[in-house]
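Reviewing the structure listed below.
This is a predicted model, so every value here is computed, not measured.
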Amino acid sequence: GESKDEGKEDEVIEIPPEMGSNGKAAKYVFVRIPRPVIGVERLSLLCGILRLEACKDSSFGKVMTIMGSLSRVRENRQILLKELGTVAESLGGDALRDLTELNEKLSMATKEFEDEKKEKGDEDKVIKSNKKIPASALTLSTTSAELRLLRVLQSVVNLESSGSMLTKLDLTALWSELTKCLKFVSKLEGLGEVEEGEGVEEDERVSAESGGSGAGNNDVSGDAADISGISGDGAPAAAKLSQSTSAAALVNRFLPSIQSFFLLATTKKDEEDKMAPVKLTRVDSITGKQLVNETQEALKGLVGGQSLLQFVKMNRVLLNALIRSTPNLLEKSLKALVEVKPLRGFLDFDVKRKYFSSLLKRKRSSANRRYGSVRLNVRRDHIFEDSYHQLRLRSAEEMRGRLSVNFAGEEGVDAGGVSREFYAVLAREMFNPNYALFVASQDGCTFSPNENSYINGDHLSYFKFIGRIVGKAICDGFLLDAHFTRSFYKHCLGDSVDHHDMQAVDPEYYKNLKSILNYNLEDLGLELTFSDEKESFGRLITRDLIPNGRNVAVTEQNKGEYVKAVCENRLTNSIRSQLDAFLTGLHELVDKDLLALFNARELELLISGMPRIDIDDLRANTEYSGGYKASDRIVGWFWKIVGEMTENEKASFVMFFSGSSKVPLEGFAALQGMRGIQKFSLNKAFDRNSLPAAHTCFNSIDLPDYESEDILREKLLYAVNEGATGFGFA
């Protein structure tokens with residue numbers, strides 16, 4: 001090849017002293033290194049090899065080794081990148097033709113499926129008669145063009161870390177065809193088409209007026225994903241398809257194209273592009289101030305950020321099915337789903353939990369090899385103090401080791417069962433009022449830190465210890481019978497609280513805050529200042545919410561800011577030292593970034609697990625109003641549908657009407673509402689076109705008198721899956 005080295009800078013190579021000339025210890029020797037620039041024609045031929053079908057893995061590896069060596073010369077690297085871009089666009093055209101042909105096959109299969117469904121009138125009968133869904137019967141093999149395109153794109157990334165060449169490639173038509181294919185797969189697998197507006201990302205949904213809970217309110221702090229992990233379309237078919245092995249096999253055929261799309265879309269923009277201003281498109285519903293759109297903020301550094309968000313939104317169920325079959329994709333080509341915050345909400349809870357557990361398991365294995373087991377010998381009646389004194393001086397790495405517990409005076413070898421008992425007993429003891437660490441909320445089901453815990457001189461050390469215990473239980477995969485308020489889980493994730501979180505802590509005060517927001521202060525006869533008064537041990541303490549707040553009047557214009565400030569004071573600032581101590585202990589064992597995978601509701605499931613719900617007990621403690629009676633036909637349908645729900649759906653159902661998936665220890669007879677004990681009630685609504693609407697303040701559901709059981713099932717499941725969190729949709 002051609003060789004040019006004129007005008008090049010000499011490279012400096014450090015040579016050991018003994019290799020110096022004349023036997024002297026020379027520190028540096030200047031050597032002129034040849035820097036060959038290869039001709040365009042030859043580099044083009046080299047890149048062209050990657051397009052050949054005959055280029056197998058071994059040949060590909062050799063070509064990449066040669067390219068890696070030649071690319072050390074800047075001129076060679078520029079030519080190689082340009083030629084690889086040409087090859088990529090050419091392979092993109094080949095892949096586009098392949099997907100277009102496949103789309104025609106899928107379109108025909110979809111038409112046959114829909115025609116047969118019309119004839120038999122039932123999708124399930126069609127599936128049973130064919131033994132499998134039509135898409136599963138198709139022979140769908142990945143074409144070599146798609147595989148080679150992926151390898152070429154990966155080659156570009158290897159040669160140029162900045163990825164500026166990738167930003168110049170135009171494969172829009174290929175991605176459009178890929179999306180069409182995946183839509184057909186969804187329909188053939190029974191999911192149907194996902195409308196463009198469905199599955200809106202978590203931080204784009206804002207909790208609104210809180211009189212009722214309904215379908216479709218999520219927020220960035222994460223009360224969005226329902227317990228089953230399907231947090232978008234809410235259809236039962238989505239849950240089944242998300243865990244379908246046939247769906248995973250079908251989507252796997254498109255994996256190379258999906259990986260190529262992710263590779264291009266997640267390419268980082270140049271620094272100048274990143275500095276583009278973010279549009280202020282959201283308004284705080286309480287204060288009226290403009291907010292930075294967090295989704296735009298997170299995606300602005302990616303070349304295809306918005307396209308990626310839309311793709312994941314439209315294909316969330318298929319992507320979850322794919323990841324279930326191949327979990328390591330989250331650590332490789334699809335890692336953007338966990339690294340880019342707006343995309344995390346589209347992953348099902350069990351998918352995130354499996355990924356999360358695999359990362360913790362590696363750390364635990366390392367600690368086991370280095371430190372061995374964590375041995376505890378505790379007295380059952382003094383489990384809190386004994387555990388505290390034996391664990392508080394251990395390092396975080398030691399705490400990750402395998403737990404081995406022995407209860408004093410009891411026989412038993414800890415093969416897991418004793419540890420489970422240890423966590424259960426210790427979790428109950430954490431809330432022992434004698435320690436003054438936590439106070440129960442008015443529903444009696446959840447706990448939050450006691451702002452007066454300072455009466456216990458060791459309270460902050462105890463909170464750190466409890467944080468470590470919670471982190472240890474998460475690492476070990478044990479569930480704790482410890483349910484905290486939703487605001488507490490938000491604090492664990494670093495999310496901000498709002499006035500809706502006050503409902504679990506003090507329902508009566510929450511009601512007052514709603515009145516302040518919804519009515520004129522003068523009509524309510526209120527004269528407020530930016531201060532908060534609370535009684536502590538018989539003394540009335542006034543705290544300023546802003547500098548000199550007790551002298552600043554609350555007006556119609558700033559009352560939203562007042563509500564936000566008073567909630568921040570009561571739910572956060574008043575227990576700041578306790579929270580900080582707890583989080584210090586928790587984050588020693590579970591990194592904050594790892595916990596950020598989850599939202600507040602999912603974190604509760606991770607710590608406490610799924611509650612057991614007795615539907616018979618709920619039915620026995622239900623009241624009917626508005627014209628409904630227990631003997632009505634629709635009431636019978638209602639309880640039949642609820643009884644057939646999965647445990648996940650039952651928990652979502654209880655969350656839907658009560659605002660919490662937890663059941664009081666005394667059962668549904670002790671269910672708490674705005675007026676103290678308030679049983680679940682089923683009220684008659686008269687608009688058959690509307691969804692069931694829940695009022696969590698009163699533990700009630702407004703249920704229209706639907707014409708058939710099937711319509712009721714569809715409407716109820718949709719409302720429950722979409723509306724188990726948030727407020728305002730009815």
Side-chain angles (χ1 to χ4, degrees), residues 1-15 28-98 142-175 256-257 259-273 303-304 333:
E2 304 172 16
S3 177
K4 301 178 183 178
D5 58 7
E6 296 178 1
K8 309 290 182 210
E9 294 182 2
D10 292 334
E11 290 191 3
V12 178
I13 299 179
E14 188 171 343
I15 298 179
Y28 294 104
V29 174
F30 293 89
V31 180
R32 183 177 291 277
I33 303 295
R35 302 172 66 85
V37 177
I38 310 302
V40 176
E41 297 81 5
R42 297 196 178 190
L43 291 179
S44 178
L45 290 172
L46 179 64
C47 293
I49 296 175
L50 300 179
R51 190 181 174 187
L52 301 175
E53 288 195 38
C55 182
K56 305 301 180 184
D57 290 344
S58 58
S59 302
F60 176 80
K62 293 176 181 177
V63 171
M64 287 308 303
T65 300
I66 296 172
M67 285 187 178
S69 299
L70 295 176
S71 66
R72 296 185 179 184
V73 178
R74 183 168 56 86
E75 288 83 352
N76 291 340
R77 184 168 61 255
Q78 291 175 340
I79 297 172
L80 284 171
L81 289 172
K82 183 177 180 181
E83 293 299 322
L84 285 174
T86 302
V87 172
E89 291 187 337
S90 177
L91 288 172
D94 296 342
L96 176 61
R97 285 190 292 273
D98 293 337
T142 304
T143 62
S144 61
E146 293 171 81
L147 290 168
R148 282 178 282 135
L149 172 61
L150 175 61
R151 293 199 302 192
V152 169
L153 294 178
Q154 289 171 336
S155 303
V156 173
V157 172
N158 291 336
L159 292 180
E160 184 188 43
S161 58
S162 68
S164 60
M165 175 54 67
L166 294 179
T167 64
K168 301 175 183 177
L169 298 179
D170 184 11
L171 299 175
T172 306
L174 177 61
W175 310 141
S257 291
Q259 291 173 311
S260 296
F261 173 76
F262 268 75
L263 189 62
L264 278 179
T266 56
T267 299
K268 300 290 179 65
K269 288 182 180 179
D270 293 334
E271 289 301 320
E272 310 85 68
D273 296 329
V303 168
S333 53

For a side chain to side chain contact (heavy atoms under 4.5 Å, CB included) with Leu149, tell me which candidate from Leu91, Leu96, Leu263, Leu50 qualifies.
-> Leu91

Roughly how far, to the nearest 0.5 Å, is the CG atom of Leu84 from the CZ atom of Arg51?
-> 13.0 Å

Do Leu46 and Leu70 have side-chain heavy atoms sitting under 4.5 Å apart?
-> yes

Output all residues satisfying side chain to side chain donor-acceptor pair (under 3.5 Å) with Arg97, sequence neighbours left out; order by chain, then residue number.
-> Asp94

Is a side-chain N or O of Thr266 found less than 3.5 angstrom from the main chain of Phe262, in a donor-acceptor match?
-> yes

Which distance, rounded to the nearest 0.5 Å, do you find between the CD of Glu83 and the CE of Met67?
-> 9.5 Å

Hey, could you give me the CD/CD1 distance between Glu41 and Ile79, rounded to the nearest 0.5 Å?
-> 9.0 Å

Residues 52-66, side-chain donor-acceptor partners within the protein, below 3.5 Å, at least two apart:
residue	atom	partner	partner atom	Å
Lys56	NZ	Glu53	O	3.4
Asp57	OD1	Arg151	NH1	3.0
Thr65	OG1	Gly61	O	2.9

Check Leu80 against Cys47 and note the closest heavy-atom contact, atom names and distance.
-> CD2-SG, 3.7 Å

Below 4.5 Å, heavy atoms only, C-beta onward: do Leu169 and Leu153 meet side chain to side chain?
-> yes

Should Leu264 and Trp175 be marked as a side-chain contact (heavy atoms from CB on, under 4.5 Å) after you check the CA-CA gap, both sets of side-chain angles, and the distance that decides it?
-> CA-CA 11 Å; Leu264 278 179; Trp175 310 141; 3.4 Å; yes

Correct closest heavy-atom pair for Ala95 and Ala145 would be N-CB, 3.9 Å

Is there a donor-acceptor contact under 3.5 Å from the side chain of Asn76 to the main chain of Ile38?
-> yes

Name all residues meeting the side-chain contact (heavy atoms from CB on, under 4.5 Å) criterion together with Leu81; count only those two or more places apart in sequence or in a different chain, and write none if there are none.
-> Arg77, Val156, Leu159, Glu160, Met165

Scanning both residues in full, the closest heavy-atom pair of Ala88 with Leu171 reads O-CD2, 4.3 Å

